Protein chains: 2
Amino acid sequence: MNQALSPHAKHYPTPTVMVDIVIFTVEDELLKVLLVKRGIEPFLGHYALPGGAVRIAQDACLEDAARRELIEETGVANTYLEQLYTYGNAQRDPRGWTVSVAYFALVAASEVQLKAGSDAAEARWHSIFGNQVGLLLAFDHAHILQEAIERLRSKLDYTDIAVHLLAQEFTLGEFQHVYEIIMQEKLNKSSFRQRVDRAGIVEPIAGKMRTGANRPAQLYRFVSSEGKRVFFPRSIAWAESKHQRNP
Amino acid sequence: MNQALSPHAKHYPTPTVMVDIVIFTVEDELLKVLLVKRGIEPFLGHYALPGGAVRIAQDACLEDAARRELIEETGVANTYLEQLYTYGNAQRDPRGWTVSVAYFALVAASEVQLKAGSDAAEARWHSIFGNQVGLLLAFDHAHILQEAIERLRSKLDYTDIAVHLLAQEFTLGEFQHVYEIIMQEKLNKSSFRQRVDRAGIVEPIAGKMRTGANRPAQLYRFVSSEGKRVFFPRSIAWAESKHQRNP
DNA sequence: GTAATAGTGTCTCTTAGACAATATGCC
DNA sequence: GGCATATTGTCTAAGAGACACTATTAC
């Protein structure tokens, strides 16, 4: 049933190819992921990652397919999108051998316009606690989500991707706070600022401050490094080596 | 032609799924990659990465397909194998929209038994200079190879995967030398030893030494960390910050 | 004034890298 | 002894983390 014939040399039947996206945002002090309620079998009524079959007539490449899904669901066209991993086996879909190329995206909550996709009854943000949402997900999506969360946490450690979870203008305090929400631990303020400063990934917006019931904070904007990710020379924190001054 | 119908909801035609492997070894002071000469069209007579279509009747999952190819080509069953990236678009194969899930493997030259695969006329090691071999490769395989080399170099920086390029027993000098061959630069001896020592990734084999025209060297073996990769707290060398004591 | 957050400075600790000294085999 | 490589030690510098201090707004 799932074994369409391939035109290649030996005519092996080929698996169905899907693209699924783990879309993260940070909102209300929580890391959240976008999930859609399935309107069709299998797993009718269960929540799942947004995604669908690759459409070879429309999509020039896999990333285009992922970006199409991302725009359909959130309306956000230009944001951080990265291929996560490709899952393929005979068990993950009851209909047979399938391959899912999973991507993960980071969007600023303020820029998202949720629209219900054509075959998704409902698309909603779900809070992440630990390594999961408190729901049974369709297919192996709980597993994919878990690996995406691990990848996100691991990349926060040595790259600057977290800026893509923020609005265009942000304070260093907000930037640090995003780290703290996702990593679930407090960071050192001066280390964080020094690290961000040396990496040259943000620049102050002259004369722009965020005011509130406290000292106004300088607003910054992300300095695009032309596709090149910024890496930090050291991990932001290295377990086993936390020390106190007065033990 | 390439658009077999998928059994899924909207019956989109689905691309062909292939698995390709970049198999690295270090031999004769050089980083090498295994390439096979294609015996069929397209790209008949060109060199290509070992690989082929996923066989959904035989392969339980994508990694099994990759491991099957690896064993067919090298005879090596248990070694380092990691998913690299998934390439999928309409242009990479003249026959139409295809998806290739690329893996990369590290093997010890001493453990390889090259066998010509069934549809590969010739399988041979090719030396890598810079980011390429001196050959025109089939499909987008030059691009895949380049990304695999980058990934390998990048991972040497913060993981211990290079041990998989060595025989079971090796000296620290040999271990360091593998790094130097791949990274194309000399490393500091005491830093290297300190780093390897602290990471606890190798252990001396009591009473076993490698002899030659010099002081005998202690032989070590890799300490398996039960599937967990070992990460180093810092990059092995961070550009822009090289300093000399007497400038 | 107080509360609250912004921003800076100082000290310590870990680890990489430069460089050198010593060790030990074979010839 | 001489050569070549192994192994260890000492010093410096970069950068992370602890902690504390000052700054500036709203109230």
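Side chains are part of it too, since the values below use all heavy atoms of this structure and drop only hydrogens, waters and symmetry mates. All figures in this text were calculated on a predicted structure; none of them were measured in a lab. Just so it is clear: chains get the letters A, B, ... in the order the sequence lines come, proteins before strands, and each one is counted from 1.
Between A/Phe170 and A/Tyr220, the distance separating the two ring centers is not shorter than 6.0 angstrom.
With rounding to whole Å, B/Phe192 atom CZ is found 12 Å from D/dA6 atom P. The interatomic distance linking B/Leu172 (CG) with D/dT8 (C1') rounds to 13 Å, in whole Å. For the pair A/Arg193 CZ and D/dA18 P, the computed distance is 16 Å after rounding to whole Å. To the nearest angstrom, P of C/dA4 lies 14 Å from NZ of A/Lys189. Taking atom CZ of residue A/Phe170 and atom C1' of nucleotide C/dA6, one finds them 16 Å apart after rounding to whole Å. Following rounding to the nearest Å, A/Leu219 (CG) and C/dA6 (P) show an atom-to-atom distance of 11 Å. D/dA23 atom P lies 18 Å from atom CD of A/Gln218, rounded to whole Å. Following rounding to the nearest Å, B/Asp197 (CG) and C/dT15 (P) show an atom-to-atom distance of 12 Å.
The shortest distance between side-chain heavy atoms of A/Tyr103 and A/Leu62 falls below 4.5 Å.
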Please write out each protein N/O paired with an N/O of nucleotides 24-27 of chain C under 3.5 Å, distance rounded to 0.1 Å.
residue: C/dT24; atom: O2; partner: B/Arg215; partner atom: N; Å: 3.4
residue: C/dG25; atom: N2; partner: B/Ala213; partner atom: O; Å: 3.2
residue: C/dC26; atom: O4'; partner: B/Gly212; partner atom: O; Å: 3.4

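With the nearest nucleotide of DNA chain D identified for both B/Gly173 and B/Asn188, B/Gly173 has the one nearer the 5' end.
Applying the 3.5 Å distance criterion, the base of D/dA18 shares a donor-acceptor pair with the side chain of A/Ser190.
For B/Leu135, the side chain to side chain contact (heavy atoms under 4.5 Å, CB included) partners at least two apart in sequence or on another chain are B/Leu35, B/Tyr47, B/His126, B/Val133, B/Leu137.
Closest heavy-atom contact between B/Tyr179 and B/Thr159: OH-O, 3.2 Å.
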Hey, can you pull the donor-acceptor pairs under 3.5 Å for the side chains in residues 142-150 of chain B, sequence neighbours left out?
residue: B/His143; atom: NE2; partner: B/Glu147; partner atom: OE2; Å: 3.0
residue: B/Glu147; atom: OE1; partner: B/Tyr87; partner atom: OH; Å: 2.7

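A donor-acceptor pair is defined here as one N or O able to donate and one able to accept, closer than 3.5 Å; no such pair exists between the side chain of B/Asp28 and the backbone of B/Leu30.
With D/dA16, C/dG17, C/dT15 as the choices, the nucleotide that has an atom nearest any side-chain atom of B/Arg198 turns out to be C/dT15. Closest approach to the B/Ser191 side chain among D/dA6, D/dA16, C/dA16 is made by C/dA16 (side chain taken as heavy atoms from C-beta onward).
Using modelled atom types, one finds no donor on one side chain facing an acceptor on the other under 3.5 Å when comparing A/Arg67 with A/Asn78.
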